Amino acid sequence: METVRTISDMKLLRQRLAEPVGFVPTMGFLHEGHLSLIRRARSENRHVIVSIFVNPTQFGPEEDFDSYPRDTERDLTLLKQEKADVVFMPEPEKIYPPGACTWVEVEGLTEMLEGISRPGHFRGVATVVTKLFNIIEPTYAYFGQKDAQQARVIRKMAEDLFMNLEIIVCPTIREPDGLAMSSRNFYLKGKERKAALILYKSLQLAQSLWNRGERHAGKIRGEIVSLIESEPLARIGYVSVADTETLQEIEEEIEYEALLSMAVKVGKPRLLDSIVLSGSA
Ligand code: PAF
């Protein structure tokens, strides 16, 4: 496995790699969710490149950029085990050199859900992902479904900007008890870990309502909100039942399918989870 730290070295190395090249962008502190993306990329590509870059521009001023968990040594061991070919670890000053003033804004899709409480977050994500795509020129890039809005935003950005690659969205990976894997689970302390299961329980409730034929978005949302509110350590950011393409909230009957997504604060971390409700009962 080669470790590359500069943009020029990454571009040079890329020229030597035969297609297809799979790319998994990460902010490090790798867990099974990331590893599942890397395994999928490994199975579909001649070469796999993983980036580790804690992107400052996607964190708000009150957010955890400085304390975001980092463990590069452990990450590199895991990446070797997964047979990644290249790990790209650029310095922030190289990705955002003095004077850089170009940003990627995906309008509309970024203005709801996470975008409401995290203004600028998706501008940071879209900008860094574009920069990484331009440096690495992957054939395929892999993202997790857990961050459903991010996956939707990146897919739309790639489509709107005629990017020459395919975005692959992979299923959420869970702990044995159902908690979605996330680097921020690290912040859950004591009783918060068990309380965090309320997200998974509410997805299960939504799925069982759907399976029983419930199609009214407002009713599903209401049941989920009540369940989460029954957990004293949980604070709802939002519970959304939305169109899977536009992310617009559905108020009445769901016609075909819907994205149920939520942000819930349990102790320090704000946890995200989601499920697509689709198919017939
Ligand atoms: O999902 C993440 O870890 C980040 O948002 C990403 C896509 C690596 C961009 O910094």
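Just so we're clear, the structure is a prediction, and the values are computed from it rather than from any experiment. Start at 1 and go down the list; that is how both ligands and their atoms are numbered.
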Any carboxylate oxygen within less than 4.0 angstrom of a Lys/Arg side-chain nitrogen, looking at E44 and R39?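 Salt bridge flag = no for R39 with E44.
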
With a 4.0 Å cut-off, would you call R152 and E245 a salt bridge?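 E245 and R152: salt-bridged.
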
Closest protein heavy atom to atom 3 (O) of ligand 1, given as residue, atom name and distance to 0.1 Å: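 Here the nearest protein heavy atom works out to M27 CG, 3.7 Å.
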
What protein heavy atom sits nearest atom 9 (C) of ligand 1, and how far away is it?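 Answer, as residue, atom name and distance: Q58 OE1, 3.3 Å.
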
Using a strict cut-off of 4.0 Å, indicate which atoms of ligand 1 neighbour a heavy atom of V128.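 Listed by number with element: 9 (C), 10 (O).
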
Evaluate Q150 for polar contact with ligand 1, using N/O atom pairs at a separation under 3.5 Å.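 Between Q150 and ligand 1 (N or O atoms, distance only) the closest approach is under 3.5 Å.
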
Does any N or O atom in T26 lie less than 3.5 angstrom from one in ligand 1, N or O only?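 So ligand 1 has no N or O lying under 3.5 Å from an N or O of T26.
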
Looking at NE2 of H47 and CZ of R16, how far apart are the two atoms once the value is rounded to the nearest 0.5 Å?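 So the NE2 of H47 and the CZ of R16 are separated by 9.5 Å.
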
Return the orientation label for the F133 and F143 ring planes: parallel under 30°, perpendicular over 60°, tilted otherwise.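 Aromatic pair F133/F143 classed perpendicular.
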
Among D9, I52, I7, the one residue meeting side-chain contact (heavy atoms from CB on, under 4.5 Å) with F88: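 It is I7, the one option of D9, I52, I7 that forms the side-chain contact (heavy atoms from CB on, under 4.5 Å) with F88.
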
